[in-house]
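A quick write-up on the structure given underneath.
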Amino acid sequence: MIRVLSEQEIVRRESLQKLRDLGVDPYPADLFDVNTTSKQIKEKYKEGEELNVVIAGRLMSRRIMGKASFAELQDSDGKIQIYVNRDEICETEDKTMYNTVFKKLLDIGDIIGITGTVFITKVGEISVKVKELKVLTKSLRPLPLPKVDADGTVHDAFTDPEKRYRQRYVDLVVNPEVKDAFIKRTKLTNSMREFLNKKEYLEVETPILQPLYGGAAARPFKTHHNTLDMELYLRIANELYLKRLVVGGFDGVYEFSKDFRNEGMSRFHNPEFTQMELYVAYKDYAWMMDLVEEMVEKIAMDLHGKTEIQVGDNLINFQRPWKRYTMYEAIDHFTGIDISKMDEATMAETAKKLGVEVDKSMGRGKLIDEIFGEKCEGQLIQPTFITDYPVEMSPLAKKHREHEGLVERFEAICNGKEICNAFSELNDPIDQRARFEEQLELGKRGDDEAMLLDEDFLRAIEYGMPPTAGLGIGIDRLSMIMTNSNSIQDVLFFPQMKTEKGGVEEWQDYNPTSMT
RNA sequence: GACCUGGUAGCUCAGCUGGUAGAGCACCUCACUUUUAAUGAGGGGGUCCUGGGUUCGAGCCCCAGCCAGGUCACCA
């Protein structure tokens, strides 16, 4: 498909050719040896000091006043004003560099290198007086450029969500807060990794292509390996592989795992997402709760320097200790009804009275889960641990040491959403086989998210897996909270999208020299 | 998957009861040696998401579709 170039694109291509005609390479190969950044200059410069700098970045605005101009240069950590004076950059009679290259042939969005000295303007802005200017990259498309007025109000911001997500590179250039959210996301994983390494847990990598998918309830993506001629699945979780490593004698293992689930999409769901899973031998779920609190509190401190974080309308405080409720207690707390001693029929009646949709296929466990999901989860704003889930919902968790029908499992809920899921891991191979078999029954009845029976995993734990605490924590969800983002798309560089109509069009064959 | 909202210049948006398409910024030309949403003067730029239909005439009305966002369902 051929795209007709816009007026502005034609102008830029003509400028590109004119630069070449003047002997200016618009895409030079040699390195440009930058020695500082905009932010460093602004932080370190003292008035009166003589400071020579070499910086590079994108030209973001120009104010041309005849023989002198101001412009803004944006580099990796901010913007700085540059002052371009005709006679300073053109010391001889030849004023081409200023009159033609800078004033006519450069455009907003071009990447240039600057050698100059730092000074402070009449109105007190730290700026760089340009001695030499080098074209490093000509930009052929106009940037959607927001304007910021004297009050700091942004006008005409680049806001179209579709364009922002499809062209994240543009979003990152023109919307500085976007860049900041992604930097925070990386700081978050760095902080978590540092925390786990300090405890001497081993970071590992396990297969993404799996012959059997397991470790969670979800529909998988399916693929095919040609040489082995076999079906493979993209992992929906890495739990069963990490537990095999615990069997093998690693007492603390973790992995940042990109997982894939072939499910609906929403502002909380992307088909590929990231979890950190951790397994520690000889521990239980109560111990793991303490670890989660400590770890997330540290992350908040590392990212924000405090434990309180504004998320939408809520101020969330991650300071330890977090509230802890059993699932029954939470339901009692939010509905005033104690369902812990109810039989299935009474519970179904109660659910109906609470306005929770029920159908006959729901067992006791599903009913409890539904009531909790409807009546409690959304109300939990401050970080809260919910413990002791129904056994039916948790085929990989160990049965509760005291309470029949429950498992030793907890989730941390924050801002009305689950951020992690953990259990005392089921290590009784006989019980595990029985739980898998229940899942198979569900699968036969049409539950396309039921787990598969993994014989090799059972073989592994038949050799003996020590009592182990396991954790899965949603990195995207936690990033959303830590960056006050409303959508998962705001913490994923390239969120999943349908293909653009007609794809990205090719350029028409355009030869500026043939135009006059 | 269902429902709601939207798609018009590079960007952000107007567009009346259906009568040949508008603004601001950006762009082009000219002026201007400390500006900062620079300024002044002049100018150019459109597949109105796509395809049908109604009509003398459609950006606008009708039908079908595409893409996005939101809400719900499922899920983390």
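This is a predicted model, so every value here is computed, not measured. Sequence lines set the chain letters: A, B, ... in the order given, protein chains first and strands last, and positions in each chain run from 1. For the numbers below, each heavy atom of this structure counts, side chains included, while hydrogens, waters and symmetry mates do not.
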Is there a Watson-Crick or G-U wobble partner for [N] with both distances under 3.5 Å, and which nucleotide is it?
N	result
G19(B)	C56(B)
G42(B)	C28(B)
U35(B)	none
G69(B)	C4(B)
C74(B)	none

For the pair Tyr389(A) and Phe372(A), name the ring-plane relationship: parallel under 30°, tilted 30 to 60°, perpendicular over 60°.
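Plane angle over 60°, so perpendicular.
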
Reckon Arg63(A) has a side-chain N or O less than 4.0 Å from the OP1 or OP2 of U39(B)?
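Checking U39(B) against Arg63(A), no side-chain N or O comes under 4.0 Å of OP1 or OP2.
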
A26(B), OP1 or OP2 - any side-chain N/O from Lys147(A) closer than 4.0 Å?
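Yes, because at least one side-chain N or O of Lys147(A) sits under 4.0 Å from OP1 or OP2 of A26(B).
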
Take atom [atom1] in [N] and the same atom in [M], then report the distance between them in whole Å.
N	M	atom1	result
G46(B)	A23(B)	C1'	15 Å
G24(B)	A31(B)	C1'	23 Å
G69(B)	A37(B)	P	34 Å
G7(B)	C60(B)	C1'	14 Å
C61(B)	C16(B)	C1'	15 Å
G45(B)	A21(B)	C1'	12 Å
G18(B)	U55(B)	C1'	9 Å
A14(B)	G59(B)	C1'	12 Å

Between [atom2] on [N] and [atom1] on [X], what's the gap in Å once rounded to a whole number?
X	N	atom1	atom2	value
Ile126(A)	U35(B)	CD1	P	18 Å
Lys79(A)	A37(B)	NZ	C1'	11 Å
Glu72(A)	U34(B)	CD	P	18 Å
Gln167(A)	G10(B)	CD	C1'	11 Å
Asp369(A)	A76(B)	CG	C1'	13 Å
Glu9(A)	C28(B)	CD	P	14 Å
Lys498(A)	G69(B)	NZ	P	12 Å
Asn85(A)	U33(B)	CG	C1'	6 Å

Would the number of heavy atoms belonging to other residues, nucleotides or ligands and lying under 6.0 Å from NZ of Lys131(A) be above 12?
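Check passes, neighbour count above 12.
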
When you check the side-chain N and O atoms of Asp388(A) and Tyr285(A), is any donor under 3.5 Å from an acceptor?
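Present: a donor and an acceptor within the cut-off.
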
Under 3.5 Å side-chain donor-acceptor pair for Asp75(A) and Thr37(A)
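Not at all, the side chains of Asp75(A) and Thr37(A) share no donor-acceptor pair under 3.5 Å.
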
What's [X] touching, base or sugar-phosphate or nothing? Going by heavy atoms closer than 4.0 Å.
X	answer
Glu88(A)	nothing
Gln275(A)	nothing
Asn262(A)	nothing
Phe119(A)	base

Tabulate atom names and distances for all N/O pairs under 3.5 angstrom spanning the protein and nucleotides 1-3 of chain B.
none

Looking at residues at least two apart in the chain, or sitting in another chain, which of them share a side chain to side chain contact (heavy atoms under 4.5 Å, CB included) with [X]?
X	answer
Arg193(A)	Asn190(A), Asn197(A), Glu203(A), Tyr254(A), Phe256(A)
Ala469(A)	Lys283(A), Trp287(A), Met288(A)
Ala348(A)	Leu367(A)
Ala450(A)	Gln439(A), Leu442(A), Asp447(A)

Comparing Lys129(A) and Glu272(A) on RNA chain B - which has the more 5′ nearest nucleotide
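Nearest-nucleotide comparison on RNA chain B picks Lys129(A).
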
Tell me which of Ile120(A) and Ile419(A) sits closer to the 5' end of RNA chain B, going by the nucleotide each one is nearest to.
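Closer to the 5' end of RNA chain B: Ile120(A).
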
Test of understanding: with side-chain hydrogen bond (donor to acceptor under 3.5 Å, both in side chains), list the residues that count as partners of [X], not counting sequence neighbours.
X	result
Thr100(A)	none
Asn415(A)	Asn314(A)
Lys95(A)	Asp87(A)
Ser485(A)	Thr483(A)

Check nucleotides 11-13 of chain B against the protein and report each pair of N or O atoms closer than 3.5 Å, with its distance, or say if there are none.
from, atom 1, to, atom 2, distance (Å)
C11(B), OP1, Lys163(A), NZ, 3.3
C11(B), O2', Asp156(A), O, 3.4
U12(B), OP1, Thr159(A), N, 3.4
U12(B), OP1, Asp160(A), N, 3.1

Which nucleotide in [options] has an atom nearest any side-chain atom of [X]:
X	options	result
Arg166(A)	C67(B), U33(B), G69(B)	C67(B)
Arg267(A)	C67(B), G70(B), C32(B)	G70(B)
Ile108(A)	G69(B), A26(B), A73(B)	A26(B)

Show me the pairs that pass side chain to side chain donor-acceptor pair (under 3.5 Å) and involve residues 370-387 of chain A, at least two apart or across chains.
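For residues 370-387 of chain A: none.
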
Near-parallel close stack of His155(A) and G24(B) base (under 5.5 Å, under 30°):
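No; by the centre-distance and plane-angle rule, His155(A) does not count as stacking on G24(B).
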
Does the ring of Phe273(A) meet both stacking tests against the six-membered base ring of A76(B): centre distance under 5.5 Å and plane angle under 30°?
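Stack criterion met.
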
Answer with yes or no whether Gln81(A) presents, from its side chain, a donor or acceptor under 3.5 Å of a partner atom in the base of U35(B).
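Flag set: donor-acceptor pair detected.
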
Which of these passes side chain to side chain contact (heavy atoms under 4.5 Å, CB included) with Val130(A): Thr117(A), Ile114(A), Ile112(A)?
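With Val130(A) as partner, side chain to side chain contact (heavy atoms under 4.5 Å, CB included) holds for just one option, Ile114(A).
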
Quick one, give me the B/S/- string for nucleotides 40-46 of chain B, reading 5' to 3', where B means a protein heavy atom under 4.0 Å from the base and S means that only happens at the primed atoms, P, OP1 or OP2.
----BS-

Measure from NZ or CZ of Lys417(A) to the centre of the six-membered ring of Phe268(A), then state whether that distance is under 6.0 Å and the direction lies within 45° of the axis.
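Yes, cation above the ring, under 6.0 Å and within 45°.
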
